[in-house]
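For reference, the structure discussed in these notes is given below.
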Amino acid sequence: MPFQPLDPLLHAELRLAVMSLLISTDEAEFPYIKEQTGATAGNLSVQVDKLSAAGYISVEKTFKGKRPCTICRITEKGRQAFEAYVEALKSYLQVNKS
Amino acid sequence: MEENTNLTAERSLEIITEQIKRSRKAVSQDVGQSLYIAGLCIIGMAILITTCLLLTGNPLFYLLYGLIPVLVIGIDRYVKKDKPKAPVSLVGSMVDKTWQTFGIFTLSFCVFVILFDFFMVRMESPEVYVRIAIHPFRIILLMMGMAITITGYILKSRWLVWCGIIGGIGGFIWESFGVSNFFLSRLFDLASFYRYSHIPPCIMVILFSFIGLTLPGLMLKRQK
């Protein structure tokens, strides 16, 4: 069985973690993602921008009371990319098992 | 977590699994916090209402139970004010909808019972009224038990499921068979029995809130 190529954008620890968090939620706030991934705000911000630029997630900057609030949502393109990544991952795991 | 692009397939799978688990745990802890607050609010309110009833004997104080949703929502928001908001997920939405449904049914039922008992006590003779009066506590306990059990199934929390079943069915049976009144009637004479008859429902509410809300809430909050 030939190996399927892995999406390089998703094949990075932090970006994959962000996408995995967002895949099971409708939306998540930036501090929540930061807390769950254990990443620094700066690093996370860079990775979120990369995912947003690729159209995998949408980023909404709003206000929660007087404080700024960044909300991330996975897009349909991101969902498809994530599913394709998991499918590709399966081919590697099957080879590793056999 | 750094930008490591040199991942093995196993590590990738591990990250995905771990993050999905973390997401579910965050929702569970958020729900746990709300249940814990709800439990404490109900216990506090039950004690306050019973004290007022014992001091004044005015049954209108029962209406204070209607303030519980406002109290719970207010305190819940205040406690979670500075914490990152749990994500909006299918699991969270299902739990929210379960409790919204419980709220709608309980409030409608309470309004109906108040109106029904209000008119029946005036329209019927005491003998008939005693037979047809609706005692809402057991039904509320049963509905709350159902809501807790469903929440437990959604969150895959065995503790919550069992607390809901034991609290709901146990409370319903306890109230239906008048176990509290049975003990009360053996402890006091008739005059004192009527004077202290407000205490058993309060004890049931406190007990049920502790078993069905506070305890599982605390467990969900502290889960590792």
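Everything numeric in this text was worked out from a predicted model, so none of it was measured. Chain naming here is simple, since letters A, B, ... match the order of the sequence lines and numbering starts at 1 in each.
With no hydrogens or angles considered, a side-chain donor-acceptor pair links A/N43 and A/Q47 at under 3.5 Å.
In this structure, no portion of A/R73 lies under 4.5 Å from any heavy atom of chain B. Heavy atoms of A/V18 lying under 4.5 Å from chain B are absent altogether. For A/F30, no part lies under 4.5 angstrom from a heavy atom of chain B.
When each of A/A28, A/C69, A/S24 is checked for heavy-atom pairs under 4.5 Å with chain B, A/S24 comes out on top.
B/F112 has its ring centre less than 6.0 Å from the ring centre of B/F116.
Of the charged side-chain nitrogens involved, none lies within less than 4.0 Å of a carboxylate oxygen, so that A/E83 and A/R79 do not count as a salt-bridged pair.
Between B/K221 and B/Q29, the shortest heavy-atom distance links the atoms O-NE2, 3.5 Å.
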